[in-house]
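Before any comments, here is the structure.
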Amino acid sequence: MSLTSRSGRTMSRSSPAHRVLALADDLSGAAETAMALRLTGRILLRPGAAAAPAPGEAAVLDLDTRQLPADAAARAVRAAVSPSDGCVLFKKIDSLLRGNLAAETAAYAAGAEGVVIAPALPVAGRTVRDGVVRLREVPLHTTDAWRAESRAAPRSVAAALGDVPTASVPLDVVRGALSERLRELIARGLHPVCDAETDADLDAIAGATLELGPRVRMLGTGGLAAALGRRLLTGSARLLDRDGPAPAPGPLSSTGPDGTGLRPLLVVVGTAESGAAAQIAQLVAAGARHVALPAAELARFPSHGLSPADRATGLPASLAPGSVTVVSIADEGTVAPVSGRPLVAGLARAVAEVARDSDLVLTGGETARRVLDALGVTLLTPVGQIHHGAVHSRTSDCQSVVTRPGSFGEADSLLRIARALRPSLRTAPTVHPPRRNPVNAAPAAASLAEQTGTTHRALPVIAVTMGDGAGIGPEVVVPALLHPDTLRDCRPVVVGDAARLREAARILGVECTVVPVEHPAQAEFTPGRINVIDLGLIPADLPWGKLSAAAGDAAYHYIRVAADLALRGEVQGICTAPLNKEALHAAGHVYPGHTELLAHFTGVEEVSMMLSTPKVKVIHVTTHIGLIDAVQRIEPGLVERTVRRGHEAMVRAGVAHPVIGVCGINPHAGENGLFGHGEEETKIVPALEVLRADGIDARGPLPADTAFFLASRGDYDLIVAMYHDQGHGPVKVLGIEAGVNLTVGLPVIRTSVDHGTAFDIAGTGRAEAGSMVEALRQAAEMSTAPAAR
């Protein structure tokens, strides 16, 4: 028999049903694993005799070892695997290689023939190539993903595993003769560390490992757990719903303990990830109450209940039925890594009283475990997944508990979770700037209210980063901000260098006043004035048109400050002048460009590139990778997420019901199997089915040549291209002179000029500012304006 999954793959049913015992070092990882395995399962917080899984079942143990000393963590792992005869064994690890990885892996390997290791998590943009974990193509050890840790990130998986004997399995072997290579390495006493970039790679690793028998164990992320789950589907297994909230199992699912009234919903954010602020902001905009508890108080919070003085800090003794409250740490960014555990324990004790009778959303595995420990919860039953990593479980009294790793989720993560549990949660009102009619535009001297048909305060604030100060960035920023259309569309504030902007104005021969401000709220928006948050990083004698590490470092910090302003809600969009990647790298900032920097600073796992012209808008499933690699990387989940990001961007821009054309991969979209190997059916069609079921008008797969012709005449609002040149080529033909590069999936929209730093003409006054003017216009058009206060 066979079974077809939502991803379109056909999987064989195995008999008899397997029993799976999985181990995790924190609660969010345990929940993620339970959902990924897709079998009937239990999450145990107190492992014991009840841990043994039945046939067709998965028992997932939260060993709670992330913060333990290495020897204690190793003992916990050895004790957990000792009664595991006949089980398929899986150990969940952190995709960023955090925790007691070396000690726990050594303990896990004891008594096994070998351990196959696969740390990739493609759904979160975390891949492994040449034995090195990469975050959106950037090596882990060159990022600050370990900023909350007390030591530096490892340079490779092998380095993270310490004395565990390993050997790297490159990508071409993973996609080739993998089983033979695994057998060879294990026979030599080595544990294979497998490269992987896609879910298909992880499928191959899981399948090859199962072929080696039960004495070979698996160790990897939730991505490998999902691959294992796809391999272990059985006729007798009840499959968990992979996406969306699960049906309520009984009448107490959303009511208080007395059976009356809707439970309060309590969201506890214990993560130090930079994206948490934007996630909280969206939830608050939808009507949630936010209580930020001071870290200094939490670290010494009493072990008993709340006192009247404690309640004076903002957390009430009880929550109103049906209310939504989010609790976070007020000054988490200043907390040293060594103080993290007592701080989270204090947070758990602080919320325990109100958590007892509430449905819960808990971000960060340590936070989730400490809160549930405070409530005496020892068993969870997973019932659904709201989005990747956000797992919906129930306690024995039907209390909902959603757990999610702190580093997961886009800017709307908490809002999506809250709405899944409370569908009646209101949508925050959004105000869009009106679309400009250049023919009937009012003269620059008219008031802003007369020009826009709305108030000055309704215009979005746009952070304009100056880019590389040695390139043409300053020379396109100055005229773009002085253009008469700009103040009709938005309130721009430059993040850059005031002296360099004045020098650019002198070169261009234009009259303007460059005024430094500390915050956007201090800016005044009148014709001829340029407001700038002056970082003062450019040397006075910096030459134009020359590669400079100083200019690269300055460009990095312009982006950092703009992202921080966005996370604090002080700007509603970001518009970037070009930076130089070589200068950026020379300054020690190893990122491919703006997109990856902004994703890093805002804590977003995955973003998409969109190109926009007056005739067509295109969003890309893959971008800067080779064509063969692109085809390999395309899979239903990535297609679905890309289309959703495009749909949300178009709705934000004022297109209520966008029509989206989705290109195929092969010529003529495969023409019913005539071209290619069925890639459209396996990689694109399953995603379109899910999207259409959710009410998104996504059509295809379409032949790319036809799709762009139809889009140019207005049949489609957005085209989804599968790879770089499929989208970029038509855009360059249909409107490069007004083309704008957008990044979607961030907490705010980001637009950029569609050209580089042009060192050859920098400082000459010959740069053309038209693309910057258009980038500003589209940043304003696609940004949500702040509500009047």
Quick check for you: to the nearest 0.5 Å, what is the distance between [X] atom [atom1] and [Y] atom [atom2]?
X	Y	atom1	atom2	result
Thr576	Ile559	OG1	CD1	5.5 Å
Leu228	Ile205	CG	CD1	12.0 Å
Ile749	Ile574	CD1	CD1	10.0 Å
Gln385	Ile417	CD	CD1	10.0 Å
Met722	Thr622	CE	OG1	8.5 Å

* To do: Test salt bridge (Lys or Arg N to Asp or Glu O under 4.0 Å) on Arg777 and Asp485 and set out the steps.
  => CA-CA 8 Å; Arg777 187 191 73 77; Asp485 289 343; over 6 Å; no
Shortest non-hydrogen contact from [X] to [Y]?
X	Y	answer
Leu415	Gln282	CD2-OE1, 3.7 Å
Ala758	Ile472	O-CG2, 3.6 Å
Ser771	Val740	O-CG2, 4.3 Å
Tyr716	Leu702	OH-CD1, 3.4 Å
Arg644	Ile696	NH1-CD1, 3.8 Å
Ala196	Ala120	O-CB, 3.5 Å

Do [X] and [Y] sit within salt-bridge range, that is, some charged N less than 4.0 Å from a carboxylate O?
X	Y	answer
Glu475	Arg766	no
Arg645	Glu606	yes
Glu648	Arg416	no

Using modelled atom types only, decide if a donor and an acceptor are shared between the side chain of [X] and the backbone of [Y] within a distance under 3.5 Å.
X	Y	answer
Lys683	Val631	yes
Arg491	Leu459	yes
Glu680	Ile665	yes
Arg692	Ala698	yes

* To do: Decide whether Ser95 and Arg126 meet the rule of one side-chain donor and one side-chain acceptor closer than 3.5 Å.
  => yes
* Strictly by modelled atom types, are Thr751 and Gln778 linked by a side-chain donor-acceptor pair under 3.5 Å? -> no
* Set of salt bridge (charged side-chain N to carboxylate O under 4.0 Å, His left out) partners for Asp705, sequence neighbours left out -> none
* Asked: Should the pair Tyr591 and His600 be assigned to parallel (<30°), tilted (30 to 60°) or perpendicular (>60°) ring geometry?
  -> tilted
* Could you walk me through whether Arg175 and Asp201 pass the salt bridge (Lys or Arg N to Asp or Glu O under 4.0 Å) check? -> CA-CA 7 Å; Arg175 296 172 180 174; Asp201 296 333; 2.8 Å; yes
* Step through the shown structure and confirm whether more than 12 heavy atoms of other residues, nucleotides or ligands are within 6.0 Å of CD on Glu582. => no
